[in-house]
Amino acid sequence: GPWSTERELDLTMCFERGVAFPVLDVFFLIISAIRLRELQAHVVLPNINTKTTVFWTKLLLAGAIAVGSVVELYYLGILTTAFTSIINALVVGQLIHVIAFVVATVLCFYEQTKARGPSGILLLYWLVTIMLSLITLRTDRDSSSALGKTADTLPLLRYGLVVIMASLFCMELWPRRESEYMLPEDDGELADSGAKTPEESANIFSRLTFSWMSPLLRLGRHKGIDESDLWPLPTKYSPVNVAETFELHWEAELGGHSPSLLRALWKTTGVPYALAGLLKLVQDILQFTQPVLLSRLIGFVASYATSSPQPVSWGYFYAF
């Protein structure tokens with residue numbers, strides 16, 4: 001099973017390296033393939049704005065992570081002969097990990113040269129990978145298996161990779177200057193439409209927490225908000241762009257054998273609404289877990305009135 005029988009509230013090494021990481025990496029590879037296909041249609045931003053010190057530092061760090069994962073794969077391969085049944089799963093998982101890091105480096109290049117904001121895919125991937133890596137480092141430290149004693153180099157290598165990933169994560173969070181993602185023709189558009197909404201350049205965490213609206217909220221503390229204080233809609237949601245996109249899809253439908261207005265609408269705005277519906281469904285399902293967790297937490301507290309209290313780690317697990 002996934003839970004370790006030797007350590008409290010910990011996963012087995014085989015599950016961490018052979019299941020958790022590969023599942024994350026495969027999901028990342030699928031999403032990255034979709035994102036790379038989208039970026040192919042984007043205009044390349046001017047090199048003088050994109051290929052800066054930050055750009056080359058990001059690529060260097062991403063490449064270092066990929067190289068480090070190859071070295072880790074090499075060490076795991078050396079230990080295969082002594083731990084055949086376990087290491088085979090670890091080696092396959094690490095191989096997928098290497099492929100994911102290489103794709104992450106490629107995606108980092110295209111996001112920097114074609115996208116106008118931080119990459120939400122890379123930010124989430126680095127964050128989850130760092131969290132899983134910290135769990136595996138705890139397992140390496142507490143594990144009593146021969147693998148942890150023999151491969152002394154692996155924990156040091158993994159600590160280094162976590163530090164590099166954390167540095168790259170922080171650099172990806174750092175907001176870009178407007179000159180780094182603006183095209184020459186944007187000057188005229190901004191002159192006509194006014195200020196640009198900060199939502200377009202906000203990272204995924206800023207969007208999830210709506211912190212990009214902080215300037216507007218601060219303004220509302222001092223004066224009443226009117227229409228002139230509001231930002232325009234993001235470019236992709238402007239009525240003109242949405243109408244043009246719908247016309248293209250509708251003309252394509254008219255050229256087919258059985259035109260469908262519903263299909264044209266789905267191609268225009270269907271994905272965002274479907275994603276919002278999926279998130280709403282997940283939220284509704286998770287609401288049913290609150291009574292269960294509360295019951296477990298009460299049971300944990302009550303266990304300390306008996307002769308066999310539950311481990312403290314389970315209390316933290318139920319609480320968080």
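On a predicted model such as this, the values are computed, not experimentally measured, just so you know.
At a threshold of 4.5 Å between non-hydrogen side-chain atoms, the residues Thr57 and Ser167 do not count as touching. For the pair Tyr125 and Asp25, the minimum side-chain heavy-atom distance is below 4.5 Å. A 4.5 Å side-chain heavy-atom check between Phe21 and Ile96 finds every atom pair outside the cut-off. Side chains of Ser258 and Arg263 form a contact here, defined as non-hydrogen atoms less than 4.5 Å apart. Under the 4.5 Å side-chain criterion, counting only non-hydrogen atoms from C-beta, Tyr110 is in contact with Gln40. Counting only heavy atoms from C-beta outward, the side chains of Ser211 and Phe205 never approach each other to under 4.5 Å.
Nearest heavy atom pair, residue Glu199 against residue Pro234, reads OE1-CG, 3.4 Å. Taking each heavy atom of Val242 and Thr269 in turn, the nearest pair found is CG1-CG2, 4.4 Å. The two atoms that bring His249 and Ala264 nearest to each other are CB-O, 4.1 Å, heavy atoms only. Nearest heavy-atom pair across Ser32 and Leu107 is OG-CD2, 3.7 Å.
Not one N or O on the side chain of Glu111 forms a donor-acceptor pair closer than 3.5 Å with the backbone of Pro118. Between the side chain of Ser206 and the backbone N or O of Asn203 there is no donor-acceptor pair closer than 3.5 Å. Looking only at distances, no side-chain donor or acceptor of Asp284 sits under 3.5 Å from a matching main-chain atom of Leu281. For Thr245 (side chain) and Asn241 (main-chain N/O), a donor-acceptor pair under 3.5 Å exists by modelled atom type. Of the possible donor and acceptor atoms, none in the side chain of Glu72 sits under 3.5 Å from a partner among the backbone N and O of Arg158. In this structure, Thr105 contributes its side chain and Phe101 its backbone to a donor-acceptor pair below 3.5 Å.
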